[in-house]
Amino acid sequence: MQIYNTFTRKKEEFKPLNPPAVSIYMCGPTVYNYFHIGNARSFIMADILRRYLEYRKFDVNFIMNLTDVDDNIIRKSVEEKKSASEVSEFYTRAFFEDIKKLKIKPANAYPKATMHIQEMIDVISDLEKKEIAYEVDGNVFYDISKFPDYGKLSGKKIDDLESGARVEINEEKRNPLDFSLWKKAKEGEPSWDSPWGNGRPGWHIECTAMSTKLLGKSIDIHAGGNDLIFPHHENEIAQSEACFDQKFVKYWIHFGFLNIQNEKMSKSLGNFFTARDVLQKYSAETIRLFFAQTNYGGPLNFSDELLSSASKGCEKISNLVELTENGIRKNSSAGIMPDFDFEKYRNEFIHVMDDDFNTPKAVAVIFDLIHSLNKIIAENENINVSFFHNVKNIITELASEILGIIDLSEQEKESSAALENELIELLITIRDKLKKEKQFALSDQIRDSLSKLGVTLKDTKSGVTFKKN
Ligand code: AMP
Ligand code: ZN
């Protein structure tokens, strides 16, 4: 399996540190707002990567943090006249509701920054002992001149960065590029006691402390959107590797931006649609297909047209599933067994996904498969029920379990509702016959029993109708 590693800027053979275990740390949301559909792109693509690794029999431990203390949360709490924790708790709940609606598989844990302050203080203290961190009046900074490899992930040169950063004046810092590890408390802000007085952690230290606590000092995969390469992930490397003297991350995976008119969708620019708004118009499956049709690393423009076409794609899958459910219900093992190579499609899907999770090609394999299956079903009358079971299995595996572009439980519900209706109609026909043969006791029994099950029969001029309560 090949994975593109931002760190080496090339595709590499995927060899986890302790196979079959795979540790993944993904930078999650700052909970001060409903997340937007751009954030959703990163969350969904990470979900697909994770589901695929699980399909390939890796034992994945997937951790996503929640940043629940930060300038934005504090600003929002002032605006809304609420405490910072009220704001973060409200949007944390909204986050969980929305990822559930997007059919994102829950992470193994969602560590919150405010629950790991001591671990952050420990890392900062270690860095201070090593003279990599320095305190100025209750603020603690990371001295990037002590980490010669600074810039190795983003490929940025310290000299270039310095000339760009000169405008930023902060007299407390030794170097304008030094970043905050601990921020001195300000009036009314959430704060914790520490060796440097009351204060709160900087953003970057959260991920170092929480990933180490939950996954160890070296992890297989660290993921996040492209915007996090610099400075966030660069700073995480500087903190972790200086503190623990070992390679922090083996594979860095970054998700391309969801743009809107070629500009990054972001909370700060205000050019966003929340995921929950988009979900009013399009199903989770449609949104997931829309994302899966583009490689996870490249840019993608938010477009109603592409979403509508994804919606049609989802319909095609649903239609095949409906045909399949009917086939399973109505056909027997006496039918003919069409000659169809399911394994060829399964292997092709694996082949393209093994190549750095090429979801656009994987989607193409699925639509190819659907096209061929539709043709066989249309051309043959009496197909063996095993064939339909094979169809259901392959769609379940590839489209439902890995990509999440069809919800079979929804479809099963619809299909069992259809079966229920057919059974009621059948009982109505039998009751009709019984009435004609004057077997009123039995016909009444059918009506009463159905009524007890919540199905009311109504005799009308044009025949009997039914209503489910
Ligand atoms: P935030 O809450 O802004 O820290 O973002 C949460 C996650 O979404 C991070 O992994 C970001 O890199 C990612 N992200 C933010 N904006 C976008 C975007 N427009 N497209 C894709 N991913 C994004
Ligand atoms: Zn992070």
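If you're wondering where the values come from, they're calculated on a predicted model, not measured in any experiment. Ligands are counted one by one from 1 in listed order, and the atoms in each one are counted from 1 as well.
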Next item on the list: Quick one: sort the His233 and His222 rings into parallel, tilted or perpendicular, breaks at 30° and 60°.
Entry: perpendicular
Note to self: Between Arg50 and Phe62 (side chain of the first, backbone of the second, donor and acceptor by atom type, cut-off under 3.5 Å), is there such a pair?
What the structure shows: no
Checklist line | N, O or S atom within Glu236 nearest to the Zn ion (ligand 2), by name | finding: OE2
Margin query: Check the orientation of Tyr345 and Phe340. Use parallel for under 30°, tilted for 30 to 60°, and perpendicular for over 60°.
Written below: parallel
Checklist line | Polar side-chain atom of Arg288 near backbone of Leu403 as donor-acceptor pair, under 3.5 Å | finding: yes
Notebook entry, point to check: Of all the non-hydrogen atoms in the protein, which one sits nearest to atom 11 (C) of ligand 1, and at what distance?
Noted result: Asp227 OD1, 3.6 Å
Item checked: Mutual orientation of the aromatic rings belonging to Trp252 and His254 [parallel < 30°, tilted 30-60°, perpendicular > 60°] -> parallel
Checklist line | Minimum-distance protein heavy atom relative to atom 20 (N) of ligand 1 | finding: Leu258 N, 2.8 Å
Checklist line | Which of the ligand 1 atoms, numbered from 1, are nearer than 4.0 Å to a heavy atom of Leu228 | finding: 9 (C), 10 (O), 12 (O)
Next item on the list: Could you point out which residue of Ser194, Ser125, Pro201 forms a side-chain contact (heavy atoms from CB on, under 4.5 Å) with Met120?
Entry: Pro201
Next item on the list: Going by heavy-atom distance to atom 16 (N) of ligand 1, choose the closest among Met45, His232, Lys264, Lys267.
Entry: Lys264
Margin query: Just checking: Cys207, one of its N/O/S atoms, less than 2.8 Å away from the Zn ion (ligand 2), yes or no?
Written below: yes
Notebook entry, point to check: Under a heavy-atom criterion of less than 4.0 Å, does Ala223 contact ligand 1?
Noted result: no
Next item on the list: Taking atom types as modelled, find out whether Asp356 and Gln2 have a side-chain donor-acceptor pair closer than 3.5 angstrom.
Entry: no
Next item on the list: Return the residue, atom name and 0.1 Å-rounded distance of the protein heavy atom closest to atom 8 (O) of ligand 1.
Entry: Asn39 ND2, 3.1 Å
Next item on the list: Would you check if the Zn ion (ligand 2) lies under 2.8 Å from any N, O or S atom of Cys27?
Entry: yes
Note to self: Check contact between Cys27 and ligand 1, using heavy atoms of the residue and a distance below 4.0 angstrom.
What the structure shows: yes
Notebook entry, point to check: Is a side-chain N or O of Thr92 found less than 3.5 angstrom from the main chain of Ser88, in a donor-acceptor match?
Noted result: yes
Next item on the list: State whether the shortest distance between N or O atoms of Arg41 and N or O atoms of ligand 1 falls below 3.5 angstrom.
Entry: no
Item checked: Closest protein heavy atom to atom 19 (N) of ligand 1, given as residue, atom name and distance to 0.1 Å -> Met265 O, 2.8 Å
Checklist line | Enumerated ligand 1 atoms positioned under 4.0 Å from heavy atoms of Thr30 | finding: 2 (O), 4 (O)
Next item on the list: Please write down residue, atom name and distance for the protein heavy atom closest to atom 13 (C) of ligand 1.
Entry: Ser42 OG, 3.7 Å
Next item on the list: Look at the side chain of Asp68 and the backbone N and O of Lys112, then say whether any donor-acceptor pair between them is shorter than 3.5 Å.
Entry: no
Notebook entry, point to check: Do the side-chain N and O atoms of Trp192 and Gln118 include a donor-acceptor pair separated by under 3.5 angstrom?
Noted result: no
Check: Is a salt bridge present between Lys76 and Asp70, judged by a nitrogen-to-oxygen distance below 4.0 Å?
Finding: no
Next item on the list: Quick one: look up the protein heavy atom nearest atom 23 (C) of ligand 1 and list residue, atom name and how far away it is.
Entry: Gly38 O, 3.6 Å
Item checked: Enumerated ligand 1 atoms positioned under 4.0 Å from heavy atoms of Phe257 -> 20 (N), 21 (C)
Margin query: For ligand 1 and Ser266, I'd like to know whether there is a polar contact (N/O to N/O, distance under 3.5 Å).
Written below: no
